[in-house]
Amino acid sequence: MNRRDLLIGAAGLTMSSAALQALGEPEHLVGLPAGVIEPFKWSAEPVPMSGPAVPGMSAIDEAVTRTMRETGIVGCGVSVARDNQIMYSRGFGYARLPRTPFLACTATRCGSLAKCITALSALILADQGKLDLDAPILPILREIGIVPAPVGGSLPDPRINLIKVRDLMDHTSGLPRRATYTAWRPDRDVATLHRLNREVTSFDVVRDALGNMHLDSDPGTQFQYANANFVILARVIEARSKKSLRDFLQRVAVPRFGLSAEDVYISRNQVSPESPLRGKNEATYYQTSTERYGSFLPAARDKGQVYGEAYQGFSTEASDGAAGIACTAIGLARIIANLHSVTPALSARSIQEILTSPAHYRSDPGFDPASSEYYSKGLIVRYSGGRPWFSHGGMTNHCGGVIGYNAGYQFVAVSNWNNAQEPYVAQIMDRALTEAVNTIGSAGGSVLITRSVR
(Lines give C-alpha, C1' and ligand atoms only; values in the text may rest on other atoms or scores of the structure.)
Protein backbone atom coordinates (compact mmCIF):
# COMPACT_ATOMS: atom_id res chain seq x y z
CA MET A 1 0.00 0.00 0.00
CA ASN A 2 1.53 3.36 -1.02
CA ARG A 3 1.50 6.60 1.04
CA ARG A 4 -1.45 8.10 -0.82
CA ASP A 5 -3.63 5.00 -0.36
CA LEU A 6 -2.68 4.69 3.30
CA LEU A 7 -3.38 8.34 4.05
CA ILE A 8 -6.72 8.29 2.24
CA GLY A 9 -7.63 5.06 4.01
CA ALA A 10 -6.69 6.66 7.31
CA ALA A 11 -9.03 9.54 6.58
CA GLY A 12 -11.87 7.22 7.58
CA LEU A 13 -13.99 7.97 4.52
CA THR A 14 -17.48 8.13 5.98
CA MET A 15 -19.21 9.13 2.76
CA SER A 16 -20.21 6.92 -0.13
CA SER A 17 -18.16 7.16 -3.32
CA ALA A 18 -20.48 9.66 -4.99
CA ALA A 19 -23.35 11.95 -4.14
CA LEU A 20 -26.81 10.55 -4.67
CA GLN A 21 -27.29 11.84 -8.20
CA ALA A 22 -30.55 9.94 -8.50
CA LEU A 23 -32.19 12.66 -6.43
CA GLY A 24 -32.21 14.78 -9.57
CA GLU A 25 -31.16 18.00 -7.84
CA PRO A 26 -30.90 21.09 -10.07
CA GLU A 27 -27.49 22.66 -10.51
CA HIS A 28 -28.36 25.50 -8.13
CA LEU A 29 -29.73 23.56 -5.21
CA VAL A 30 -33.04 24.44 -3.61
CA GLY A 31 -33.85 23.59 0.00
CA LEU A 32 -30.33 22.55 0.95
CA PRO A 33 -29.94 20.67 4.22
CA ALA A 34 -28.41 22.70 7.04
CA GLY A 35 -24.65 22.87 6.56
CA VAL A 36 -24.64 22.31 2.79
CA ILE A 37 -23.42 25.08 0.49
CA GLU A 38 -22.21 25.45 -3.06
CA PRO A 39 -18.40 25.66 -3.30
CA PHE A 40 -17.34 28.88 -1.57
CA LYS A 41 -16.20 31.68 -3.87
CA TRP A 42 -13.54 33.98 -2.45
CA SER A 43 -13.47 36.22 -5.54
CA ALA A 44 -11.25 39.26 -4.86
CA GLU A 45 -11.96 39.21 -1.15
CA PRO A 46 -8.80 38.75 0.95
CA VAL A 47 -8.63 35.56 2.97
CA PRO A 48 -8.60 36.68 6.62
CA MET A 49 -5.77 35.41 8.79
CA SER A 50 -5.71 35.36 12.60
CA GLY A 51 -2.69 35.13 14.82
CA PRO A 52 0.65 36.92 14.40
CA ALA A 53 2.72 36.51 11.26
CA VAL A 54 5.78 34.32 11.85
CA PRO A 55 9.09 35.53 10.39
CA GLY A 56 10.51 33.09 7.86
CA MET A 57 7.23 31.17 7.49
CA SER A 58 5.33 33.31 5.02
CA ALA A 59 5.39 30.32 2.63
CA ILE A 60 2.69 28.73 4.81
CA ASP A 61 0.50 31.86 4.67
CA GLU A 62 0.87 31.98 0.90
CA ALA A 63 0.26 28.26 0.35
CA VAL A 64 -2.83 28.12 2.57
CA THR A 65 -4.51 31.27 1.24
CA ARG A 66 -3.79 30.28 -2.37
CA THR A 67 -5.19 26.81 -1.77
CA MET A 68 -8.32 28.18 -0.11
CA ARG A 69 -8.96 30.42 -3.11
CA GLU A 70 -8.44 27.60 -5.57
CA THR A 71 -10.59 25.01 -3.81
CA GLY A 72 -13.27 26.94 -1.88
CA ILE A 73 -12.21 26.03 1.67
CA VAL A 74 -14.27 28.11 4.10
CA GLY A 75 -12.02 28.00 7.16
CA CYS A 76 -9.04 26.18 8.63
CA GLY A 77 -6.48 26.26 11.42
CA VAL A 78 -2.81 25.39 10.86
CA SER A 79 -0.02 24.66 13.35
CA VAL A 80 3.56 23.63 12.64
CA ALA A 81 6.06 22.10 15.08
CA ARG A 82 9.78 21.44 14.93
CA ASP A 83 11.04 18.89 17.42
CA ASN A 84 8.93 19.59 20.53
CA GLN A 85 8.29 23.28 19.84
CA ILE A 86 5.29 24.92 18.17
CA MET A 87 6.77 27.24 15.53
CA TYR A 88 3.62 28.52 13.85
CA SER A 89 -0.13 28.64 14.56
CA ARG A 90 -2.69 30.66 12.59
CA GLY A 91 -6.33 30.58 11.55
CA PHE A 92 -7.60 31.26 8.04
CA GLY A 93 -10.98 32.13 6.60
CA TYR A 94 -14.24 31.81 8.48
CA ALA A 95 -15.43 29.70 11.39
CA ARG A 96 -18.92 30.82 10.43
CA LEU A 97 -20.11 32.66 7.37
CA PRO A 98 -20.38 35.47 6.62
CA ARG A 99 -17.79 37.13 8.89
CA THR A 100 -16.84 35.13 12.00
CA PRO A 101 -13.08 34.52 11.66
CA PHE A 102 -11.51 31.11 12.03
CA LEU A 103 -9.01 31.51 14.86
CA ALA A 104 -5.95 29.48 15.76
CA CYS A 105 -7.99 28.29 18.78
CA THR A 106 -11.09 27.31 16.75
CA ALA A 107 -12.02 23.63 17.07
CA THR A 108 -13.62 21.38 14.47
CA ARG A 109 -14.49 17.76 14.17
CA CYS A 110 -11.67 16.32 12.12
CA GLY A 111 -12.80 12.81 11.29
CA SER A 112 -10.25 10.10 11.84
CA LEU A 113 -7.74 12.33 13.60
CA ALA A 114 -9.88 11.29 16.56
CA LYS A 115 -8.23 7.89 16.34
CA CYS A 116 -4.84 9.07 17.55
CA ILE A 117 -6.55 10.78 20.53
CA THR A 118 -8.39 7.55 21.38
CA ALA A 119 -5.28 5.41 21.01
CA LEU A 120 -3.17 7.74 23.16
CA SER A 121 -5.91 7.64 25.80
CA ALA A 122 -5.66 3.84 25.85
CA LEU A 123 -1.88 4.10 26.26
CA ILE A 124 -2.38 6.42 29.24
CA LEU A 125 -4.52 3.72 30.85
CA ALA A 126 -1.79 1.18 30.09
CA ASP A 127 0.71 3.47 31.83
CA GLN A 128 -1.62 3.57 34.83
CA GLY A 129 -1.65 -0.22 34.97
CA LYS A 130 -5.38 -0.35 34.17
CA LEU A 131 -5.22 -1.77 30.63
CA ASP A 132 -3.30 -4.69 29.13
CA LEU A 133 -2.94 -4.22 25.38
CA ASP A 134 -2.81 -7.98 24.92
CA ALA A 135 -6.08 -8.60 26.76
CA PRO A 136 -9.06 -9.95 24.80
CA ILE A 137 -11.68 -7.24 24.39
CA LEU A 138 -14.92 -9.19 24.98
CA PRO A 139 -14.41 -9.76 28.75
CA ILE A 140 -13.53 -6.07 29.15
CA LEU A 141 -16.64 -4.96 27.28
CA ARG A 142 -18.82 -7.25 29.38
CA GLU A 143 -17.74 -5.22 32.42
CA ILE A 144 -19.95 -2.38 31.12
CA GLY A 145 -22.72 -4.58 29.75
CA ILE A 146 -21.67 -4.73 26.10
CA VAL A 147 -22.17 -8.10 24.44
CA PRO A 148 -22.55 -8.91 20.72
CA ALA A 149 -26.13 -8.43 19.51
CA PRO A 150 -26.86 -10.44 16.35
CA VAL A 151 -30.05 -9.69 14.42
CA GLY A 152 -31.91 -11.33 11.55
CA GLY A 153 -30.48 -14.78 12.08
CA SER A 154 -26.84 -13.63 12.17
CA LEU A 155 -24.33 -15.42 14.34
CA PRO A 156 -21.26 -13.66 15.75
CA ASP A 157 -18.00 -14.65 14.09
CA PRO A 158 -16.32 -16.87 16.72
CA ARG A 159 -12.99 -15.19 15.98
CA ILE A 160 -14.16 -12.03 17.77
CA ASN A 161 -13.11 -13.87 20.95
CA LEU A 162 -9.52 -13.54 19.74
CA ILE A 163 -9.53 -9.77 19.20
CA LYS A 164 -7.08 -8.05 21.56
CA VAL A 165 -6.94 -4.40 22.57
CA ARG A 166 -3.88 -3.80 20.38
CA ASP A 167 -5.74 -5.20 17.38
CA LEU A 168 -8.24 -2.36 17.67
CA MET A 169 -5.40 0.18 17.95
CA ASP A 170 -3.56 -1.20 14.90
CA HIS A 171 -6.59 -1.99 12.68
CA THR A 172 -5.77 -5.68 12.82
CA SER A 173 -9.00 -6.91 14.42
CA GLY A 174 -10.22 -8.32 11.11
CA LEU A 175 -13.41 -6.24 11.25
CA PRO A 176 -14.37 -5.06 7.75
CA ARG A 177 -14.52 -1.41 6.69
CA ARG A 178 -18.33 -1.65 6.56
CA ALA A 179 -18.56 -2.65 10.24
CA THR A 180 -21.02 -0.48 12.15
CA TYR A 181 -19.53 2.66 13.69
CA THR A 182 -22.41 5.15 13.77
CA ALA A 183 -26.19 5.20 14.08
CA TRP A 184 -27.14 5.29 10.43
CA ARG A 185 -25.45 4.70 7.11
CA PRO A 186 -27.07 4.00 3.75
CA ASP A 187 -26.67 0.24 4.24
CA ARG A 188 -27.22 -0.07 8.00
CA ASP A 189 -29.86 1.55 10.19
CA VAL A 190 -29.02 0.42 13.72
CA ALA A 191 -32.20 1.80 15.30
CA THR A 192 -34.48 -0.06 12.92
CA LEU A 193 -32.47 -3.29 13.00
CA HIS A 194 -32.52 -3.39 16.80
CA ARG A 195 -35.97 -1.81 17.24
CA LEU A 196 -34.67 1.13 19.26
CA ASN A 197 -37.10 3.98 19.86
CA ARG A 198 -34.38 6.37 21.02
CA GLU A 199 -31.14 7.88 19.84
CA VAL A 200 -28.58 5.20 19.00
CA THR A 201 -25.56 5.21 21.31
CA SER A 202 -21.98 4.08 20.88
CA PHE A 203 -22.87 1.01 22.96
CA ASP A 204 -25.51 0.08 20.38
CA VAL A 205 -23.18 0.34 17.41
CA VAL A 206 -20.50 -1.74 19.15
CA ARG A 207 -23.03 -4.47 19.95
CA ASP A 208 -24.16 -4.45 16.34
CA ALA A 209 -20.66 -4.55 14.84
CA LEU A 210 -19.49 -7.42 17.02
CA GLY A 211 -22.72 -9.36 16.62
CA ASN A 212 -23.22 -9.11 12.87
CA MET A 213 -19.96 -8.59 11.02
CA HIS A 214 -17.94 -11.49 9.63
CA LEU A 215 -14.23 -10.83 10.04
CA ASP A 216 -12.16 -10.33 6.88
CA SER A 217 -9.12 -11.97 8.48
CA ASP A 218 -7.94 -13.60 11.67
CA PRO A 219 -7.24 -11.04 14.39
CA GLY A 220 -3.65 -9.83 14.47
CA THR A 221 -2.72 -11.04 10.99
CA GLN A 222 -3.61 -8.26 8.58
CA PHE A 223 -4.15 -4.49 8.38
CA GLN A 224 -7.78 -3.67 7.56
CA TYR A 225 -8.84 -0.07 8.20
CA ALA A 226 -12.20 -0.01 9.98
CA ASN A 227 -13.73 2.90 11.90
CA ALA A 228 -15.49 0.42 14.18
CA ASN A 229 -12.16 -0.52 15.80
CA PHE A 230 -11.86 2.86 17.48
CA VAL A 231 -15.49 3.13 18.57
CA ILE A 232 -14.93 -0.22 20.29
CA LEU A 233 -11.61 0.97 21.73
CA ALA A 234 -13.40 3.95 23.25
CA ARG A 235 -15.71 1.55 25.09
CA VAL A 236 -12.68 -0.41 26.34
CA ILE A 237 -11.32 2.88 27.73
CA GLU A 238 -14.64 3.51 29.47
CA ALA A 239 -14.70 0.04 30.98
CA ARG A 240 -11.20 0.29 32.44
CA SER A 241 -11.22 3.96 33.43
CA LYS A 242 -14.72 3.84 34.97
CA LYS A 243 -15.40 7.12 33.16
CA SER A 244 -17.17 8.12 29.97
CA LEU A 245 -14.80 8.87 27.10
CA ARG A 246 -15.89 12.50 27.38
CA ASP A 247 -14.87 12.64 31.06
CA PHE A 248 -11.66 10.68 30.53
CA LEU A 249 -10.52 13.10 27.84
CA GLN A 250 -11.37 16.18 29.89
CA ARG A 251 -10.12 14.97 33.28
CA VAL A 252 -7.20 12.72 32.37
CA ALA A 253 -5.95 12.62 28.78
CA VAL A 254 -6.16 16.29 27.78
CA PRO A 255 -4.46 17.60 30.96
CA ARG A 256 -1.80 14.88 30.60
CA PHE A 257 -0.65 16.58 27.39
CA GLY A 258 -0.85 20.07 28.90
CA LEU A 259 -3.91 21.08 26.87
CA SER A 260 -7.07 22.92 27.81
CA ALA A 261 -10.55 21.44 27.77
CA GLU A 262 -11.27 23.47 24.60
CA ASP A 263 -8.39 21.94 22.63
CA VAL A 264 -9.82 18.40 22.48
CA TYR A 265 -13.37 17.28 23.31
CA ILE A 266 -16.22 15.09 22.13
CA SER A 267 -18.34 17.00 19.62
CA ARG A 268 -22.02 16.71 20.48
CA ASN A 269 -24.86 15.72 18.15
CA GLN A 270 -26.24 19.00 16.84
CA VAL A 271 -29.45 19.83 14.99
CA SER A 272 -28.25 23.21 13.68
CA PRO A 273 -25.34 25.65 13.93
CA GLU A 274 -27.30 27.37 16.72
CA SER A 275 -27.43 24.22 18.85
CA PRO A 276 -26.61 24.89 22.53
CA LEU A 277 -24.63 21.64 22.43
CA ARG A 278 -22.03 23.12 20.08
CA GLY A 279 -18.66 23.66 21.73
CA LYS A 280 -18.11 27.33 22.50
CA ASN A 281 -15.04 27.42 20.22
CA GLU A 282 -16.47 24.92 17.69
CA ALA A 283 -16.88 26.11 14.11
CA THR A 284 -19.99 25.90 11.96
CA TYR A 285 -19.72 23.09 9.40
CA TYR A 286 -20.11 23.26 5.62
CA GLN A 287 -20.25 20.56 3.00
CA THR A 288 -20.57 20.75 -0.76
CA SER A 289 -21.87 17.19 -1.09
CA THR A 290 -25.64 16.92 -1.59
CA GLU A 291 -25.67 13.36 -0.28
CA ARG A 292 -28.62 12.88 2.09
CA TYR A 293 -28.72 11.04 5.39
CA GLY A 294 -31.36 9.63 7.68
CA SER A 295 -31.52 11.44 11.00
CA PHE A 296 -30.19 10.26 14.34
CA LEU A 297 -33.30 11.87 15.88
CA PRO A 298 -36.05 9.30 16.55
CA ALA A 299 -38.83 11.77 15.73
CA ALA A 300 -37.30 12.55 12.34
CA ARG A 301 -36.48 9.07 11.04
CA ASP A 302 -39.68 8.84 8.99
CA LYS A 303 -38.63 11.91 7.02
CA GLY A 304 -36.12 9.81 5.09
CA GLN A 305 -32.84 11.02 3.65
CA VAL A 306 -33.32 14.75 4.03
CA TYR A 307 -30.55 16.05 6.29
CA GLY A 308 -26.98 17.05 5.59
CA GLU A 309 -24.42 15.07 7.52
CA ALA A 310 -23.25 17.95 9.74
CA TYR A 311 -26.62 18.65 11.35
CA GLN A 312 -29.20 15.99 12.26
CA GLY A 313 -27.91 13.50 9.70
CA PHE A 314 -24.90 11.96 11.47
CA SER A 315 -24.59 10.64 15.02
CA THR A 316 -21.26 12.18 15.97
CA GLU A 317 -21.43 10.97 19.55
CA ALA A 318 -22.10 7.38 18.52
CA SER A 319 -18.91 7.43 16.43
CA ASP A 320 -16.91 9.29 19.08
CA GLY A 321 -13.60 7.42 19.28
CA ALA A 322 -13.35 7.02 15.53
CA ALA A 323 -14.58 10.33 14.12
CA GLY A 324 -16.43 12.39 16.73
CA ILE A 325 -13.74 14.36 18.55
CA ALA A 326 -13.33 18.10 17.99
CA CYS A 327 -9.78 19.49 18.08
CA THR A 328 -7.89 22.70 17.54
CA ALA A 329 -4.90 22.57 15.21
CA ILE A 330 -2.59 23.82 17.94
CA GLY A 331 -3.90 21.22 20.39
CA LEU A 332 -3.16 18.37 18.01
CA ALA A 333 0.21 19.88 17.11
CA ARG A 334 1.16 20.04 20.79
CA ILE A 335 0.30 16.37 21.18
CA ILE A 336 2.47 15.42 18.21
CA ALA A 337 5.27 17.69 19.42
CA ASN A 338 5.05 16.02 22.81
CA LEU A 339 5.66 12.63 21.19
CA HIS A 340 8.96 14.06 19.91
CA SER A 341 9.89 15.40 23.34
CA VAL A 342 12.63 13.95 25.52
CA THR A 343 10.07 14.05 28.34
CA PRO A 344 6.84 12.86 26.70
CA ALA A 345 3.54 12.54 28.51
CA LEU A 346 3.57 8.80 27.89
CA SER A 347 5.93 6.27 29.41
CA ALA A 348 8.92 4.96 27.47
CA ARG A 349 7.05 1.66 27.14
CA SER A 350 4.03 3.32 25.53
CA ILE A 351 6.18 5.41 23.19
CA GLN A 352 7.87 2.18 22.13
CA GLU A 353 4.44 0.64 21.48
CA ILE A 354 3.78 3.42 18.95
CA LEU A 355 7.22 3.11 17.37
CA THR A 356 7.19 -0.69 17.05
CA SER A 357 5.70 -1.89 13.79
CA PRO A 358 2.95 -4.51 14.28
CA ALA A 359 3.96 -8.11 13.62
CA HIS A 360 2.11 -8.46 10.32
CA TYR A 361 4.34 -5.76 8.77
CA ARG A 362 7.51 -7.45 9.97
CA SER A 363 6.48 -10.71 8.31
CA ASP A 364 6.37 -8.96 4.92
CA PRO A 365 9.74 -9.43 3.14
CA GLY A 366 9.31 -6.04 1.45
CA PHE A 367 8.95 -4.17 4.73
CA ASP A 368 11.93 -2.13 5.97
CA PRO A 369 11.42 -0.87 9.54
CA ALA A 370 14.03 1.84 8.92
CA SER A 371 12.06 3.50 6.11
CA SER A 372 8.66 1.87 5.43
CA GLU A 373 5.40 3.35 6.72
CA TYR A 374 3.22 1.41 9.09
CA TYR A 375 0.03 1.96 11.10
CA SER A 376 0.52 1.72 14.84
CA LYS A 377 -1.64 2.90 17.77
CA GLY A 378 -3.76 5.39 15.82
CA LEU A 379 -0.90 6.90 13.80
CA ILE A 380 0.94 6.26 10.56
CA VAL A 381 4.63 6.05 11.47
CA ARG A 382 7.72 6.27 9.32
CA TYR A 383 11.41 6.56 10.16
CA SER A 384 13.50 9.06 8.23
CA GLY A 385 16.82 10.59 9.17
CA GLY A 386 16.96 8.10 12.03
CA ARG A 387 13.88 9.45 13.78
CA PRO A 388 10.13 8.75 13.65
CA TRP A 389 7.55 10.94 11.91
CA PHE A 390 3.78 10.80 12.33
CA SER A 391 0.88 11.32 9.98
CA HIS A 392 -2.84 10.62 9.60
CA GLY A 393 -5.77 11.96 7.61
CA GLY A 394 -9.31 12.57 8.77
CA MET A 395 -12.59 13.60 7.19
CA THR A 396 -16.33 13.37 7.00
CA ASN A 397 -18.56 15.12 4.47
CA HIS A 398 -18.45 18.36 6.45
CA CYS A 399 -14.94 18.63 7.86
CA GLY A 400 -11.45 17.25 7.71
CA GLY A 401 -7.92 17.48 8.96
CA VAL A 402 -4.43 16.15 8.50
CA ILE A 403 -1.30 15.41 10.51
CA GLY A 404 1.76 15.40 8.25
CA TYR A 405 5.47 16.07 8.05
CA ASN A 406 8.27 17.19 5.77
CA ALA A 407 11.68 18.83 5.90
CA GLY A 408 12.06 18.33 9.64
CA TYR A 409 8.64 19.78 10.50
CA GLN A 410 5.39 18.22 11.72
CA PHE A 411 2.22 20.05 10.71
CA VAL A 412 -1.48 19.88 11.56
CA ALA A 413 -4.47 21.39 9.78
CA VAL A 414 -8.18 21.20 10.67
CA SER A 415 -11.09 22.54 8.62
CA ASN A 416 -14.86 23.07 8.92
CA TRP A 417 -15.43 22.30 5.20
CA ASN A 418 -15.03 19.44 2.80
CA ASN A 419 -15.13 18.99 -0.93
CA ALA A 420 -17.74 16.76 -2.54
CA GLN A 421 -15.15 14.60 -4.28
CA GLU A 422 -11.41 14.04 -4.42
CA PRO A 423 -9.23 15.80 -3.59
CA TYR A 424 -10.82 16.00 -0.16
CA VAL A 425 -9.79 18.71 2.28
CA ALA A 426 -7.36 16.42 4.13
CA GLN A 427 -5.52 15.75 0.87
CA ILE A 428 -5.70 19.40 -0.20
CA MET A 429 -4.14 20.69 3.02
CA ASP A 430 -1.62 17.87 3.18
CA ARG A 431 -0.29 18.79 -0.25
CA ALA A 432 -0.20 22.52 0.43
CA LEU A 433 1.59 22.19 3.77
CA THR A 434 4.02 19.53 2.58
CA GLU A 435 5.18 21.89 -0.15
CA ALA A 436 5.21 24.95 2.13
CA VAL A 437 7.37 23.46 4.86
CA ASN A 438 9.66 22.01 2.21
CA THR A 439 10.20 25.56 0.95
CA ILE A 440 10.92 26.74 4.50
CA GLY A 441 13.25 23.83 5.21
CA SER A 442 15.18 24.36 1.98
CA ALA A 443 15.59 28.08 2.73
CA GLY A 444 16.87 27.23 6.18
CA GLY A 445 19.39 24.72 4.91
CA SER A 446 17.54 21.67 6.19
CA VAL A 447 18.73 18.43 4.64
CA LEU A 448 15.88 16.34 6.03
CA ILE A 449 13.53 16.45 3.04
CA THR A 450 11.55 13.40 3.91
CA ARG A 451 8.26 13.30 2.12
CA SER A 452 6.37 14.01 -1.06
CA VAL A 453 2.64 13.76 -1.71
CA ARG A 454 1.51 11.72 -4.68
Side-chain angles (χ1 to χ4, degrees), residues 8 11-20 25 29 31-40 68 71-77 92-98 100 102 106-115 181-186 227 265-275 277-279 281-297 300 305-320 322-329 393-402 413-429:
I8 292 174
L13 302 185
T14 60
M15 63 179 74
S16 64
S17 61
L20 300 181
E25 299 281 4
L29 301 169
L32 284 170
V36 179
I37 62 171
E38 294 185 4
F40 189 66
M68 292 177 73
T71 60
I73 294 172
V74 176
C76 66
F92 298 83
Y94 297 110
R96 183 168 186 180
L97 295 170
T100 304
F102 200 113
T106 297
T108 75
R109 302 168 186 166
C110 40
S112 286
L113 298 193
K115 292 180 174 65
Y181 67 96
T182 191
W184 186 96
R185 303 306 297 168
N227 288 305
Y265 53 89
I266 302 295
S267 177
R268 304 297 300 270
N269 289 337
Q270 299 166 33
V271 298
S272 76
E274 290 74 32
S275 172
L277 298 178
R278 183 168 65 93
N281 67 328
E282 188 173 1
T284 295
Y285 298 104
Y286 301 98
Q287 66 186 69
T288 58
S289 168
T290 58
E291 189 171 4
R292 303 293 211 242
Y293 294 85
S295 179
F296 65 80
L297 296 169
Q305 298 177 24
V306 297
Y307 300 112
E309 184 180 75
Y311 301 107
Q312 300 189 41
F314 182 76
S315 186
T316 303
E317 292 177 89
S319 66
D320 54 7
I325 297 176
C327 304
T328 62
M395 58 170 283
T396 67
N397 268 358
H398 57 280
C399 59
V402 68
V414 300
S415 178
N416 61 338
W417 171 94
N418 205 2
N419 211 6
Q421 58 189 359
E422 288 193 63
Y424 303 116
V425 70
Q427 299 162 267
I428 292 168
M429 295 306 299

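Computed over heavy atoms, backbone and side chain alike; hydrogens, waters and symmetry mates excluded. The chain is numbered in sequence order, starting from 1. Computed from a prediction, not measured in an experiment: that's the story for all the values here.
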Restricting to non-hydrogen atoms, name the atom on [X] and the atom on [Y] that form the minimum distance, rounded to 0.1 Å.
{"X": "Cys399", "Y": "Cys110", "answer": "SG-N, 4.3 Å"}
{"X": "Ala300", "Y": "Tyr307", "answer": "CB-OH, 3.4 Å"}
{"X": "Ser289", "Y": "Asn397", "answer": "OG-ND2, 3.7 Å"}
{"X": "Met68", "Y": "Val74", "answer": "CE-O, 3.6 Å"}
{"X": "Gly393", "Y": "Leu113", "answer": "C-CD2, 3.8 Å"}
{"X": "Ser315", "Y": "Phe296", "answer": "CB-CB, 3.9 Å"}

Side chain to side chain donor-acceptor pair (under 3.5 Å) partners for [X], two or more places apart:
{"X": "Tyr94", "value": "Glu45, Arg99"}
{"X": "Thr108", "value": "none"}
{"X": "Ser267", "value": "Arg109, Glu282"}

| task | Fit a plane to each ring of Tyr285 and Tyr311, take the angle between them on a 0 to 90° scale, and name the class: parallel (under 30°), tilted (30 to 60°) or perpendicular (over 60°). | result |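 Correct class here is tilted.
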| field | Val271 side chain reached by Gln312 side chain, heavy atoms, under 4.5 Å | value |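 Heavy-atom side-chain distance check passes, below 4.5 Å.
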Between [X] and [Y], is there a donor-acceptor pair closer than 3.5 Å when you use the side chain of the first and the backbone of the second?
{"X": "Trp417", "Y": "Val425", "result": "no"}
{"X": "Gln287", "Y": "Glu309", "result": "yes"}
{"X": "Asn418", "Y": "Tyr424", "result": "no"}

| said: Under the rule for salt bridge (charged side-chain N to carboxylate O under 4.0 Å, His left out), what residues qualify as partners of Arg278, not counting sequence neighbours? | reply: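 Once residues adjacent in sequence are excluded, Arg278 has no partner under the salt bridge (charged side-chain N to carboxylate O under 4.0 Å, His left out) criterion.
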| field | For Ala413, side chain to side chain contact (heavy atoms under 4.5 Å, CB included) partners two or more places apart | value | Val78, Val402, Met429, Leu433
| task | Just jot down the side chain to side chain contact (heavy atoms under 4.5 Å, CB included) partners of Ala114, sequence neighbours excluded, or say none. | result | Ile325
Output the distance between atom [atom1] ([X]) and atom [atom2] ([Y]), rounded to the nearest 0.5 Å.
{"X": "Thr284", "Y": "Leu97", "atom1": "OG1", "atom2": "CG", "result": "8.0 Å"}
{"X": "Glu317", "Y": "Thr182", "atom1": "CD", "atom2": "OG1", "result": "10.5 Å"}
{"X": "Arg96", "Y": "Thr106", "atom1": "CZ", "atom2": "OG1", "result": "13.0 Å"}
{"X": "Thr328", "Y": "Tyr265", "atom1": "OG1", "atom2": "OH", "result": "8.5 Å"}

| field | Full working for side chain to side chain contact (heavy atoms under 4.5 Å, CB included) between Asn269 and Thr316 | value | CA-CA 6 Å; Asn269 289 337; Thr316 303; 3.7 Å; yes
| ring pair (Phe, Tyr, Trp, His ring centres under 6.0 Å) against Phe40, all qualifying residues, sequence neighbours excluded | Trp42
| message | Go through it in stages, so that I can follow the logic: the residues are Phe314 and Ser319, the test is side chain to side chain contact (heavy atoms under 4.5 Å, CB included), and I'd like the CA-CA distance, side-chain angles, deciding distance and then a yes or no. | response | CA-CA 9 Å; Phe314 182 76; Ser319 66; 3.6 Å; yes
